[in-house]
Amino acid sequence: MGVKGFVEGGIASIVAGCSTHPLDLIKVRMQLQGEKQGPTAAVHNLRPALAFQNTSVTAPRAMNLPTPPPRVGPIAVGVRIVQKEGVAALFSGVSATVLRQTLYSTTRMGLYDVLKQKWTDQDTGKLPLVRKISAGLIAGAIGAAVGNPADVAMVRMQADGRLPPAQRRNYKSVVDAITQMARGEGVTSLWRGSSLTVNRAMLVTASQLASYDQIKETILQKELMKDGLGTHVTASFAAGFVAAVASNPVDVIKTRVMNMKVEAGAAAPYSGALDCALKTVRAEGPMALYKGFIPTISRQGPFTVVLFVTLEQVRKVLKDF
């Protein structure tokens with residue numbers, strides 16, 4: 001039964017990930033809006049007390065830097081990607097998505113299923129919400145640690161098109177991305193932002209899987225709907241909304257930390273997750289942590305619906321195995 005849960009979760013996750021990949025790409029591009037690029041970022045990151053210790057030329061030069069382009073919505077971002085990079089650009093990094101879902105989602109879905117079966121009361125057949133959340137937290141953490149290299153590769157491949165041609169990494173595939181990162185930045189770069197990935201995965205898995213099970217059980221117990229497609233869609237969309245609200249701030253910081261370009265001999269734009277969060281809030285305001293929320297819920301909703309509807313169908317097909 002344990003292996004079966006991993007197989008079911010893996011198939012459903014890959015189908016859901018590939019079908020909603022363009023929405024995820026738009027979300028990543030929006031989360032990076034307003035972020036400083038290039039060597040000038042270091043000037044903006046200095047505190048005023050330090051900035052005035054340099055020559056008098058530094059301050060005017062920083063003040064005369066061009067203002068960032070205005071923020072645009074998900075539809076405009078999608079249209080701009082198609083116009084500048086072509087329709088195929090919407091699926092940039094899809095190979096990394098497949099690998100990520102194979103490693104991360106297969107692990108978290110399978111472990112959640114194993115823990116849920118183990119912790120379910122054998123007499124009543126029920127599992128309290130607290131235990132569902134605990135199972136989600138544990139499964140999400142382990143899945144994220146396993147899938148972090150693919151997650152870093154996916155973020156970079158999705159964000160590459162927004163960079164000037166001279167600064168693009170031009171990864172050919174997820175394997176090429178992981179190989180280049182390991183050679184150029186060290187093996188540890190594959191786990192860059194792993195603490196954020198783990199935190200986000202814990203929030204997403206606990207809120208998404210536990211919410212789906214709890215909402216589905218409530219609908220069936222109160223006989224609001226029968227156990228069918230309508231119940232699965234309703235419960236999964238509600239679970240997707242809960243997961244999006246819970247995870248978006250961590251997701252924004254994770255995206256920026258993973259995407260940062262560290263030049264040899266130069267200081268990294270962010271020293272860590274907390275530093276990234278503070279600089280983001282100071283430069284762009286607290287609501288910057290919910291940047292890309294519309295595409296996040298636009299992606300999280302369909303992703304969760306496809307995930308659980310596919311999962312329920314796969315379970316029916318594999319019920320005799």
Side-chain angles (χ1 to χ4, degrees), residues 17-18 21-42 44-45 68-69 77-78 80-104 144 146-197 200 251-273 275-276 279-280 291-292 295 299:
C18 291
H21 183 81
L23 296 173
D24 193 46
L25 184 141
I26 291 172
K27 177 204 72 175
V28 167
R29 296 287 182 93
M30 289 191 70
Q31 288 176 338
L32 293 172
Q33 282 185 133
E35 185 184 38
K36 302 294 186 298
Q37 297 181 29
T40 56
H44 288 272
N45 291 338
V77 170
R80 183 177 297 175
I81 292 171
V82 172
Q83 289 176 339
K84 291 186 175 182
E85 304 169 47
V87 177
L90 292 174
F91 286 90
S92 298
V94 72
S95 60
T97 291
V98 173
L99 180 61
R100 177 178 180 268
Q101 297 300 337
T102 302
L103 297 176
Y104 160 63
V146 172
N148 199 82
D151 208 1
V152 177
M154 184 185 72
V155 168
R156 290 192 173 195
M157 291 175 76
Q158 289 177 333
D160 211 34
R162 67 184 285 273
L163 297 173
Q167 297 180 22
R168 291 179 186 173
R169 301 177 176 100
N170 296 317
Y171 298 135
K172 298 175 183 177
S173 66
V174 63
V175 175
D176 181 49
I178 291 175
T179 302
Q180 284 194 41
M181 279 187 284
R183 288 177 179 172
E185 303 172 49
V187 176
T188 55
S189 68
L190 299 176
W191 275 270
R192 180 174 292 159
S194 58
S195 61
L196 290 165
T197 306
R200 178 188 177 275
D251 200 26
V252 171
I253 303 305
K254 176 183 77 76
T255 296
R256 294 191 172 197
V257 170
M258 286 183 170
N259 186 59
M260 69 177 177
K261 195 169 187 178
V262 183
E263 300 289 348
Y270 309 118
S271 60
D275 181 52
C276 180
K279 286 177 178 175
T280 299
K291 186 173 288 185
R299 183 258 180 188

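- We find the OG1-CE distance between Thr255 and Met30 to be 12.5 Å, quoted to the nearest 0.5 Å.
- When all heavy atoms are compared, the tightest approach of Thr280 to Cys276 is OG1-O, 2.7 Å.
- For the residue pair Ser194/Asn148, the side-chain donor-acceptor check at 3.5 Å is not satisfied.
- The pair Glu185-Arg156 meets the salt-bridge criterion, with a side-chain N (NZ, NE, NH1 or NH2) lying under 4.0 Å from an Asp/Glu carboxylate O.
- To the nearest 0.5 Å, atom CG of residue Asn170 and atom CG of residue Asp176 are 9.5 Å apart.
- Taking each heavy atom of Ala153 and Ala96 in turn, the nearest pair found is C-CB, 4.2 Å.
- Of all heavy-atom pairs between Ala144 and Thr197, the closest is CB-O, 3.6 Å.
- The shortest heavy-atom contact between Val94 and Cys18 is CG2-SG, 4.4 Å.
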When you look at Leu25 and Ser92, which way does the side-chain contact (heavy atoms from CB on, under 4.5 Å) test go after all the steps?
CA-CA 8 Å; Leu25 184 141; Ser92 298; 3.8 Å; yes

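- Side-chain atoms of Met154 and Val174, non-hydrogen and from C-beta on, never get closer than 4.5 Å to each other.
- Residues Lys291 and Val252 share a closest heavy-atom pair of O-CG2, 3.5 Å.
- The heavy-atom pair separating Gly78 from Leu90 by the smallest distance is O-CD2, 4.5 Å.
- Residues Lys254 and Val155 meet the side-chain proximity criterion, which asks for heavy atoms closer than 4.5 Å.
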Under the side-chain contact (heavy atoms from CB on, under 4.5 Å) criterion, do Val152 and Leu190 qualify, and how do the steps go?
CA-CA 7 Å; Val152 177; Leu190 299 176; 5.9 Å; no

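- Taken to the nearest 0.5 Å, the CD1 atom of Ile178 stands 6.0 Å off from the CE atom of Met181.
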